[in-house]
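So you know, we letter chains A, B, ... as the sequences are listed, proteins then strands, and number each from 1.
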2 protein chains.
Amino acid sequence: MSLQQIRYFVAVAEEENVGRAAERLRIAQPALSRQIRNLEAEFGTELFERTSRGMRLSSSGAVFLPHARAILSSVESATAALYKR
Amino acid sequence: MSLQQIRYFVAVAEEENVGRAAERLRIAQPALSRQIRNLEAEFGTELFERTSRGMRLSSSGAVFLPHARAILSSVESATAALYKR
DNA sequence: GGAGTTTACGAATGTCGTAACTATC
DNA sequence: GATAGTTACGACATTCGTAAACTCC
């Protein structure tokens with residue numbers, strides 16, 4: 001699990017679509033798809049349900065999302081504390 | 001900034017010595033030294049004062065340490081939440 | 001057949017360990 | 001000269017983008 005993967009996960013969870021999320025993150029679609037797959041493989045559970053329309057959070061994904069946001073938030077407050085000097 | 005770098009930073013802050021921290025992390029000394037340097041370069045500030053005995057937190061490092069621990073703690077609670085299902 | 005996701009593959013980037021260097025006591 | 005940190009360099013692993021393939025309407 002890397003911070004980048006967490007950011008990727010949140011973007012996909014919000015867009016419910018890998019293509020749009022990739023555009024927002026300014027990376028290519030396959031790179032994003034792979035990182036999500038890698039994250040799921042590491043956790044041993046699928047974070048999304050793949051539908052014909054895109055991706056929707058699975059129950060595991062729904063559990064993880066608030067934690068993911070908390071991690072990113074603590075990272076932001078860490079950098080803010082450092083740059084505020 | 002990566003989670004690994006944050007773990008490395010905390011280890012060095014606790015050991016006040018790159019060699020011991022590297023041993024604890026089971027990586028080689030230079031790898032650890034470089035990652036700390038990379039982190040400092042990214043932040044644009046030194047996190048440690050280098051003494052003849054080892055490393056001591058700088059004022060920036062002292063600011064960052066509790067944030068670093070908070071990040072790692074939120075990561076742990078995220079993984080715990082996922083594995084508890 | 002179109003929208004969306006994934007796999008294949010080569011290129012670029014990052015991280016590591018060993019060995020050599022620097023500095024301080 | 002011993003202890004501690006850093007730099008150099010080549011090897012290994014990860015991540016990326018382009019192109020092609022798969023899948024479900």
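When distances run from any side-chain atom of A:N17 to the nucleotides C:dT5, D:dG17, D:dG5, the shortest one goes to C:dT5. For B:S52, the side-chain atoms get nearest to C:dT24 when compared with the rest of C:dG17, C:dT24, D:dC16.
Put simply, CE on B:M55 is 15 Å from C1' on C:dT24, counting in whole angstrom units. We find that CD of A:E15 is positioned 12 Å from P of C:dG4, with the value rounded to whole Å. Atom-to-atom, CD of B:Q29 to C1' of D:dA8 comes out at 16 Å; the value is rounded to the nearest Å. Across the protein-nucleic acid pair, A:R20 atom CZ and C:dA3 atom C1' stand 11 Å apart, rounded to whole Å. Straight-line distance from the CD1 atom of B:I27 to the P atom of C:dT18: 12 Å, rounded to whole Å. Atom P of nucleotide D:dA2 and atom CZ of B:R53 are separated by 18 Å, given to the nearest angstrom. As a whole-Å value, the separation of B:L32 CG from D:dT6 P is 9 Å. Following rounding to the nearest Å, B:R50 (CZ) and C:dT22 (P) show an atom-to-atom distance of 18 Å.
Around atom CD of A:E15, more than 12 heavy atoms belonging to other residues, nucleotides or ligands sit under 6.0 Å away.
In the hydrophobic clustering of ILVMFWY residues, with side-chain heavy atoms under 4.5 Å counting as a link, A:V10 and A:M55 come out together. A:V63 and A:V12 fall into different hydrophobic clusters, where Ile, Leu, Val, Met, Phe, Trp and Tyr residues are linked whenever their side-chain heavy atoms come under 4.5 Å apart, directly or through other members. Cluster annotation: B:L47 is connected to B:L25 through the hydrophobic network of ILVMFWY side chains, with a link wherever side-chain heavy atoms come within less than 4.5 Å.
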Notebook entry, point to check: What's the verdict on side-chain contact (heavy atoms from CB on, under 4.5 Å) for B:N38 and B:Q5, showing C-alpha distance, side-chain angles and the deciding distance?
Noted result: CA-CA 9 Å; B:N38 290 350; B:Q5 285 174 325; 3.7 Å; yes

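The line from OH of B:Y8 to CG of B:L3 is 11.5 Å long, rounded to the nearest 0.5 Å.
Nucleic acid contact class of A:A28 (heavy atoms, under 4.0 Å, all strands): base.
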Next item on the list: Would you give a per-nucleotide map of nucleotides 7-15 of chain C, 5' to 3', where B means the base has a protein non-hydrogen atom under 4.0 Å away, S means only the sugar-phosphate does, and - means neither?
Entry: B-B-----S

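Aromatic ring pairs are classed by plane angle as parallel below 30°, tilted from 30° to 60° and perpendicular above 60°; the pair A:F48 and A:F9 is tilted.
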